[in-house]
Every structure is written in C-alpha cells, then in structure tokens.
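Fair warning: this is a prediction, and the values are worked out from it, not measured in the lab. All residue numbers in this chain count up from 1 along the given sequence.
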Amino acid sequence: MPYLSVLLPLAFAVALAVLLKHFLGSLAWAALLAVITWPLHERLLKRGWSRAASAATLLAAIIVSFVAPTIFLFNTLSHEVATVERLLGQFNNTGLPAPEWLARLPVVAKPAMEWWQTHLAVPGGLNTFLQGVAGGLLPHLTSTVGKLGPTILANALYLFLSLLTLFVLYLEGPAVVTYVDHAGQRLIPKYYGVLRRLLPLSVRGTALGLCSVAVLEGIVLGIAYAIAGAPAPAILGVITGYLALIPGGAPLSFTSVSLLLLGQGHAGAALGLFSWGAFELFLVDKFVRPKLIGHRVNLPFLAVLFGLLGGVSTLGVLGLFIGPFMMAVLFWWLRGGKADAVHEIAVPDKGDKQAA
C-alpha cells in the first residue's frame, strides 16, 4: 500500500503529460516568463496597481519587446529586398563583373575566373544562373512552403496559449503557488523547499545572462560593423542583439554581414569582421554568459557551461533554463544536500528575497 501512494500520483502525472504533450511547451514558457517577471509584478502591486492592470501592462511590454523588433526587421528587409532586386536587374542587363578577390584565390583562381566570365559576366548570365539554381531547388521549396502555413498557424496558437496562460498566472499567482506548494510538500516534503528556492534563482540568472549578453553582442558587433564599413551598422547591431537571444543567432548575423562585405569586394574587412565575431562569440559563450548565469546559484564555470550546452542540445531553447537549474540541484546535493543549507548555493538579490 505505501507504494500505491507514490505510484498513483506518478502514473497520473505521466498520463497528464501525454494528454498535454502538444501544449507542454506553451505551459513551460508561460511559467518561465512568470517566474522571470514576478518581481516586477510584485513591485507594481506594492505601488497600488490592481492585478489586472499589472498583468496587462507586463503582458503588453513582453509583446512589444518581441513583436516591435520583428515588424521593424521585416520593414527594413522589405526596403533591402527592393534594393537587391534593382541591383540584380542591373547586373543581369550589363553582366556581373568578377570581384577583385576572386583573382587572388590560391590554386582555384584561374578556373574560378573562367567560370565567372562565362556564366556571370555576360548580359543575361545572372538570370540564367538563378533560374538553373531555382529549378534545382524548386521541388524542395514547394514541399517546404506547403508545410509552412500549418507550422505558422500551430506556432501562433502555441504563442497565444502561452500569453493567455501568463496573463492568468499574473491574475491568480497566489492561488497557483498555493496549489503547487501543497502538491510539492505532499510528494517530496524533504526536498521541495530547496527546489522552490533554486528554481527562480537559476531561471532569473539565466534570463539575466541571456539579456545582458544579447545587449553586449549587439553593441560590440554593431561597432564592429561600423568599423568594417557594413551598411546601416546601427540597424544590424539591433538585429544582432535580438538574434543573440536565440542559440546560433549571433554567429548567423555576423557571418551574413561578413558574406555581404565579401560580395561587395571588401575581402579584408569581411575576414576581419568574421574573425572578430568568432573570437568575441567564444569569449562570451565560454566565459561571460556562464559567469553571469552561475553567479546567482554559486555554480562553477564548467557546470554552467555544460548545463547550457546539454540543455540546448536536448531540449532546445527551454534547455537554456532547465540545464542550469539541474546543475544547481546537482551541486546543492554534492555540497551536502541539506534541506536547510540552500543558502550555501544560492546568492539572491533583493528582488529574489522579496519574491521568495
């Protein structure tokens, strides 16, 4: 009989996870955003705001923070696409001259120049080349576009459910916390207090690390774009900052700008920008971000690094938050695992103390 008291709740939890498997991501993101922004919510409440007003304000701020840059990016790209179309039309009519750096390539310079002169330097050659490439890619593009619509609709639904759940969490936060506390104390009474303390610390530390690094990379790489002579370096810096919130976003950004400079014939600037971006990315990913994230839960550098890498490779973006949390639990256990010794691993700030 004692085993049933453990197995039945576990079986029910597994069945519930299977039932909600398509929406667990939405629920997880709503919970993470609620944990990250809860100190702000409490500050607004202490200033006399109603729960509904605070919830609406924070939700609007989150939406604007992510939707506004997306609209701005698409608006900027629409102008850039129009410019590219005009340039392609001009080059197709006159022929695309070979860039100077192509003739300086080792070993392959001569055949590369001959191919360029035959296929791209003649009038109409660019259009023929693009049609040939598009013809080869057309079947793949058609199948991808066919799946794109349902994918966008599904992600829009998941995003809506995340925001709706977040709004409800702002409104009914105390009741939700009470239910979770009662469940946790019944299931794991010895360890629940530790998990409840470490989760917000690690999640907020991860959010602080991600946002701080995104701002840092946007500024540093924006300056690098300006030095390298890239067009609209300020806009590119802002785009890079937002892309840096996503794993792989920053290298995609500075690699694209490096290729743009290379295509314009600035081989030295392109190589310098790419080298600096790779060096800066190595420093940030291997030293700065783990230091910022590990500070709040007193984790060593390698623990945070492997927590981030393992979390991302296993669970995607959500793993950025789950990985450091699991490492925090692991090191709490390695340091003695005492239920009343969570202060030995946690290094909270004032906001965390108020929210605890």
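When all heavy atoms of Ser162 and Ala30 are compared, the closest pair comes out as O-CB, 3.4 Å. Closest heavy-atom contact between Ala228 and Ala269: O-CB, 3.5 Å.
More than 12 heavy atoms of other residues, nucleotides or ligands lie within 6.0 Å of CZ in Phe325, so this atom counts as buried by the packing criterion. Annotation: Met326, atom CE; neighbour count of heavy atoms from other residues, nucleotides and ligands within 6.0 Å does not exceed 12. Crowding of Trp333 atom CH2: a count of heavy atoms from other residues, nucleotides or ligands under 6.0 Å not exceeding 12.
Within the 4.5 Å cutoff, side-chain heavy atoms of Pro39 are placed close to those of Arg204. Counting only heavy atoms from C-beta outward, the side chains of Leu58 and Leu44 approach each other to under 4.5 Å. You'll find the side chain of Pro123 stays beyond 4.5 Å of the side chain of Asn93, heavy atoms only. Contact annotation: the side chain of Leu32 approaches that of Leu318 to within less than 4.5 Å [non-hydrogen atoms, C-beta and beyond]. Side-chain contact check for Tyr170 versus Trp38: some heavy-atom pair is nearer than 4.5 Å. Here the side chains of Pro174 and Arg51 are in contact, with some heavy-atom distance below 4.5 Å. Two residues are said to be in side-chain contact when any heavy atoms from C-beta on lie closer than 4.5 Å; Val312 and Val317 fail this criterion. Put simply, the side chain of Leu159 does not reach to within 4.5 Å of the side chain of Trp29, judged on heavy atoms.
Once rounded to the nearest 0.5 Å, the distance linking OG1 of Thr314 with CG of Leu309 reads 10.0 Å. Rounded to the nearest 0.5 Å, atoms CD (Gln185) and CZ (Arg196) are 8.5 Å apart. The OG atom of Ser50 sits 9.0 Å away from the CG atom of Leu171 when rounded to the nearest 0.5 Å. We find the OG-CH2 distance between Ser54 and Trp49 to be 7.0 Å, quoted to the nearest 0.5 Å. Interatomic distance, CG of Leu199 versus CD1 of Ile322, reported as 9.5 Å (0.5 Å rounding).
Of the listed residues (Leu166, Leu161, Leu163), just one forms a side chain to side chain contact (heavy atoms under 4.5 Å, CB included) with Ser26, and that residue is Leu161.
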Next on the checklist: The test is side chain to side chain contact (heavy atoms under 4.5 Å, CB included); show your working for Trp332 and Tyr191 and say whether it passes.
Outcome noted: CA-CA 11 Å; Trp332 164 79; Tyr191 302 110; 3.4 Å; yes
Next on the checklist: Trp276 vs Val220, test: side chain to side chain contact (heavy atoms under 4.5 Å, CB included). Steps then yes/no.
Outcome noted: CA-CA 10 Å; Trp276 167 249; Val220 171; 3.7 Å; yes
Next on the checklist: Using the rule given for side chain to side chain contact (heavy atoms under 4.5 Å, CB included), can you reason through Tyr158 versus His22, listing the C-alpha separation, both sets of side-chain angles and the distance that settles it, and then say yes or no?
Outcome noted: CA-CA 9 Å; Tyr158 296 149; His22 297 296; 4.0 Å; yes
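Side-chain heavy atoms closer than 4.5 Å link hydrophobic residues (I, L, V, M, F, W, Y) into clusters, and following such links, possibly through other members, connects Phe279 to Phe274.
Ser253 and Tyr225 share a side-chain donor-acceptor pair at under 3.5 Å.
Without hydrogens or angle criteria, Ser275 side chain to Gly272 main chain gives no donor-acceptor distance under 3.5 Å.
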